[in-house]
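Counting starts at 1 for both ligands and their atoms, following the listed order. Excluded from the calculations below are hydrogen atoms, water molecules and symmetry mates; all remaining heavy atoms, backbone and side chain alike, are included. In this text, all values refer to a predicted model and were calculated from it rather than measured experimentally.
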Amino acid sequence: MTKIISISNQKGGVGKTTTAASLSAGLFALGQKVLSIDLDPQGDLGFCLGLESDSPVTLYDVLTKKCPAQSAIQSTEYGDVIPSDISLESVVVEFAKGGCEAYLKDVLGSVIDSYDYIIIDTPPALNILTVNCYVASDYIIIPMLTEILSLSGVIKIRETIQAVQESFNPRLKVLGILMTRNITRLNLSKEVEEMASDLSALFNTRIFTTRIRNGVATAECPAHGKPVQFYAPRSNPGKDYTAFVQEVFTILK
Ligand SMILES: Nc1ncnc2c1ncn2[C@@H]1O[C@H](COP(=O)(O)OP(=O)(O)OP(=O)(O)O)[C@@H](O)[C@H]1O
Ligand SMILES: [Mg+2]
């Protein structure tokens with residue numbers, strides 16, 4: 001059975017795209033058939049996976065049913081990807097009329113059986129694109145910055161998840177919360193540990209054992225078209241993302 005995982009948090013800059021690229025590439029390196037989907041009009045995921053130029057067909061053309069999903073798939077060294085660009089932004093307005101919540105799920109129907117994993121990168125928003133993502137997904141991974149863990153910031157994402165579970169997708173599950181950009185892997189403060197345990201209770205999920213440490217290689221690697229564990233395997237974030245992929249793979253095996 002194909003497992004569809006979205007990487008989501010409406011807060012910007014928490015490591016969603018970095019995590020999506022590393023998870024896709026890592027699962028692909030473990031011999032899995034992987035499709036990455038960029039659901040963010042910022043359109044970074046394709047470049048993080050090594051696509052070099054703008055794509056003639058993007059997720060926008062697929063979601064608006066101008067082209068079949070197959071025609072937007074591009075192969076990279078790190079698996080297949082459906083890229084996006086700024087044109088996806090117009091979907092937010094077009095789809096706001098309602099009744100469009102399951103479009104992504106529908107268009108993926110024709111390609112889903114070709115993959116073991118579909119990994120979806122999402123925009124820093126809770127809008128109709130996010131809802132489409134949750135309707136299509138089996139699991140959500142929520143990256144969070146350790147230094148600003150807060151309950152208030154996550155109530156909205158929990159409400160959106162619950163609304164989708166109730167109306168469209170009862171099997172949707174939060175697979176876990178990933179702490180990103182830690183200054184150190186150990187010695188987290190008591191306050192952070194307490195907040196992490198409150199968050200895991202709130203989402204009825206785990207905090208991943210692996211925590212991603214801070215490291216400059218993460219900022220450098222998109223320009224080289226390589227996810228961080230392939231660009232700098234011995235860097236702290238490189239090692240941590242390798243461990244994180246293994247942790248996810250083991251949980252879902
Ligand atoms: N472990 C890390 N150490 C240092 N910098 C990191 C780390 N993870 C991500 N970054 C940097 O933080 C910035 C945001 O990361 P990323 O683009 O993955 O976040 P995002 O949640 O996808 O952002 P957005 O909400 O804008 O889509 C990038 O410049 C990235 O290089
Ligand atoms: Mg992003």
Side-chain angles (χ1 to χ4, degrees), residues 5-26 36-51 58-59 78 81-86 88-89 91-92 119-130 132-134 137 140-150 153-154 156-157 160 174-188 192 207-245 247-248:
I5 307 174
S6 25
I7 315 297
S8 181
N9 187 333
Q10 83 274 22
K11 265 198 86 58
V14 296
K16 293 182 289 294
T17 303
T18 304
T19 300
S22 294
L23 181 60
S24 294
S36 307
I37 298 180
D38 192 355
L39 202 66
D40 185 349
Q42 293 179 96
D44 297 332
L45 186 65
F47 297 111
C48 291
L49 291 169
L51 285 188
T58 66
L59 185 63
Y78 306 104
V81 57
I82 298 183
S84 279
D85 60 23
I86 193 68
L88 189 61
E89 193 69 54
V91 162
V92 178
I119 309 295
I120 310 175
D121 185 25
T122 66
L126 286 173
N127 58 25
I128 186 66
L129 288 175
T130 329
N132 262 268
C133 191
Y134 292 178
S137 294
I140 299 173
I141 289 174
I142 307 178
M144 281 189 194
L145 297 190
T146 314
E147 67 267 33
I148 50 165
L149 287 183
S150 83
V154 299
K156 273 246 153 315
I157 188 170
T160 308
V174 178
L175 188 65
I177 294 169
L178 176 65
M179 293 204 200
T180 58
R181 307 185 62 176
N182 284 332
I183 306 303
T184 59
R185 180 154 57 181
L186 304 170
N187 296 328
L188 288 180
V192 169
I207 307 286
F208 289 107
T209 311
T210 312
R211 294 166 182 189
I212 309 298
R213 284 170 287 177
N214 224 32
V216 289
T218 326
E220 294 164 0
C221 64
H224 297 266
K226 288 174 185 280
V228 66
Q229 75 268 42
F230 296 94
Y231 172 71
R234 283 192 288 242
S235 66
N236 285 339
K239 286 190 228 162
D240 296 340
Y241 272 113
T242 299
F244 171 66
V245 171
E247 186 176 354
V248 170

Under a plain distance cut-off of 3.5 Å, with no hydrogens placed, do [Y] and [X] share a side-chain donor-acceptor pair?
X	Y	answer
Q42	D40	yes
T242	Q229	no
T17	D121	yes

> Can you check whether P143's main-chain N or O pairs, donor with acceptor, with N9's side chain at less than 3.5 Å?
Replying inline: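 Yes: the side chain of N9 pairs with the backbone of P143.
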>> As an exercise, state the distance from CG of L178 to CZ of F244, rounded to the nearest 0.5 Å.
In response: 4.5 Å
> Quick one: CZ on R181 to OG1 on T18, what's the gap to the nearest 0.5 Å?
Replying inline: 8.0 Å
> Exactly which residues line ligand 1, taking a heavy atom under 4.0 Å from it as the test?
Replying inline: K11, G12, G13, V14, G15, K16, T17, T18, D40, Q42, P124, R181, I212, R213, N214, G215, T218, A219
> Around the Mg ion (ligand 2), how many protein N/O/S atoms fall inside 2.8 Å?
Replying inline: 1
>> If you compare all heavy atoms of G46 against all heavy atoms of D38, which two are closest, and at what distance to 0.1 Å?
In response: N-OD2, 4.3 Å
>> I want to check something: taking the side chain as every heavy atom from C-beta on, are I119 and I7 in contact at a cut-off of under 4.5 Å?
In response: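 Side-chain contact under 4.5 Å: yes.
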>> What I'd like to find out is whether the side chain of N214 reaches to under 4.5 Å of the side chain of N236, using heavy atoms alone.
In response: no
